[in-house]
Amino acid sequence: MKDINKFIEEVFNKRYTCKGYDSEKQVSDEDFRTIIEAGRLSPSSFGFEPWKFILLKNRDVLEEIKPYAWGAHASIEGASHFVLILARTPKHMKPGSEYLRHIKSDIQKWPDDLLKQRSKKYGEFSDDDFDLNSDRAVFDWTTKQVYIPLANMLTTAAMLGVDSTPMEGFHQEKVNEVLVKNGVYDKEDFRLAVMVAFGYSNREHREKTRREVDEVFEVFE
Ligand SMILES: Cc1cc2nc3c(=O)[nH]c(=O)nc-3n(C[C@H](O)[C@H](O)[C@H](O)COP(=O)(O)O)c2cc1C
């Protein structure tokens with residue numbers, strides 16, 4: 001096996017969900033920056049980047065979400081960095097929105113003719129292919145996109161020797177309410193999709209368990 005293949009498999013075998021952090025140990029600015037870059041540079045459907053990452057440092061707000069975030073207690077107590085991954089609200093993701101115009105014109109810099117073609121294609125995708133015809137369907141689709149940066153951030157952290165915890169063990173309505181009330185973001189624009197913490201573990205973790213490859217992969221010829 002080539003060194004690069006070995007390295008990649010080692011990283012994926014090594015990554016695990018941290019259940020307790022050493023609150024004395026901090027992730028360096030350099031490592032955290034690279035983790036955020038892994039999120040920022042992630043792919044998304046049509047390239048719409050429907051996410052935002054917020055490093056939540058405010059202790060009062062962290063304590064306020066704790067009763068509604070059962071899966072995040074260890075991270076709130078000891079992790080070095082606690083990150084909210086937000087998904088854009090349906091208002092921004094609907095064909096013709098100002099946000100999509102901004103992405104297509106200002107960021108992706110599509111010339112006018114291609115921009116029109118792509119907008120038409122997205123309209124068809126949204127209406128017919130994926131049936132994104134309710135706010136719930138749009139939010140679920142958008143949320144799927146934000147799990148891609150989540151995964152990339154987890155793997156990048158593992159490459160850097162940083163421990164991590166992905167978290168959706170929280171009450172959606174209540175945690176969103178606390179964050180919005182405290183001005184962390186505007187509910188018109190974003191909704192919390194998932195959270196992720198980074199730091200250094202203070203304990204041994206359970207051995208990794210996974211189904212064997214022949215249970216998860218097959219070839220159809
Ligand atoms: C989207 C997602 C949400 C998760 N939510 C939580 C959580 O709230 N709290 C927690 O301790 N672990 C959480 N986990 C961790 C999983 O339980 C864990 O990934 C799984 O058991 C496999 O273990 P491993 O990550 O150590 O390989 C979550 C994982 C994912 C991918």
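Reckoned from all heavy atoms, side chains included, excluding hydrogens, waters and symmetry mates.
Around atom CG of Asp129, more than 12 heavy atoms belonging to other residues, nucleotides or ligands sit under 6.0 Å away. Few gaps surround CD on Glu63; more than 12 heavy atoms of other groups in view lie less than 6.0 Å from it. Enclosure of atom CZ in Arg206 is not indicated, since only 12 or fewer non-hydrogen atoms of other residues, nucleotides or ligands lie within 6.0 angstrom. Few gaps surround OH on Tyr16; more than 12 heavy atoms of other groups in view lie less than 6.0 Å from it. With a 6.0 Å radius and a threshold of 12 heavy atoms from other residues, nucleotides or ligands, Lys120 has its NZ atom at or below the threshold. Within a 6.0 Å sphere centred on NZ of Lys208, other residues, nucleotides and ligands contribute more than 12 heavy atoms.
Using bins of under 30°, 30° to 60° and over 60° for the plane-to-plane angle, the ring pair Phe53/Trp51 lands in the parallel bin. Between His92 and Tyr99, the ring planes are perpendicular. Angles over 60° get that label, and only those under 30° would be called parallel.
A salt bridge is absent between Glu30 and Arg33: the closest approach of a Lys/Arg side-chain nitrogen to an acidic carboxylate oxygen does not fall below 4.0 angstrom. Remark: Asp140 engages Arg136 in a salt bridge, criterion side-chain N to carboxylate O under 4.0 Å. Using a cutoff of 4.0 Å between basic side-chain nitrogens and carboxylate oxygens, Lys187 and Glu177 are not scored as salt-bridged. With respect to the salt-bridge test (charged N to carboxylate O, under 4.0 angstrom), the residues Asp22 and Arg203 do not qualify. The pair Glu98-Lys91 fails the salt-bridge criterion, with no side-chain N (NZ, NE, NH1 or NH2) lying under 4.0 Å from an Asp/Glu carboxylate O. Ion pair Lys181/Glu64 flagged as a salt bridge, since at least one NZ, NE, NH1 or NH2 atom sits closer than 4.0 Å to an Asp/Glu carboxylate oxygen.
Counting only distance, with no hydrogens or angles, the side chain of Glu215 and the backbone of Arg210 share no donor-acceptor pair below 3.5 Å. A donor-acceptor pair under 3.5 Å links the side-chain atoms of Gln145 to the main chain of Ser45, judged by distance alone. Without hydrogens or angle criteria, Thr89 side chain to Glu188 main chain gives a donor-acceptor distance under 3.5 Å.
Rounding to the nearest 0.5 Å gives a distance of 10.5 Å between CD1 of Ile8 and OG1 of Thr155.
A donor atom on one side chain and an acceptor atom on the other are not found under 3.5 Å apart for Ser126 and Lys94. With no hydrogens or angles considered, a side-chain donor-acceptor pair links Ser42 and Asn152 at under 3.5 Å. No side-chain N or O of Gln108 forms a donor-acceptor pair with one of Arg118 less than 3.5 Å apart.
Within the 6.0 Å centre-distance limit, the rings of Phe125 and Phe130 are counted as a close aromatic pair.
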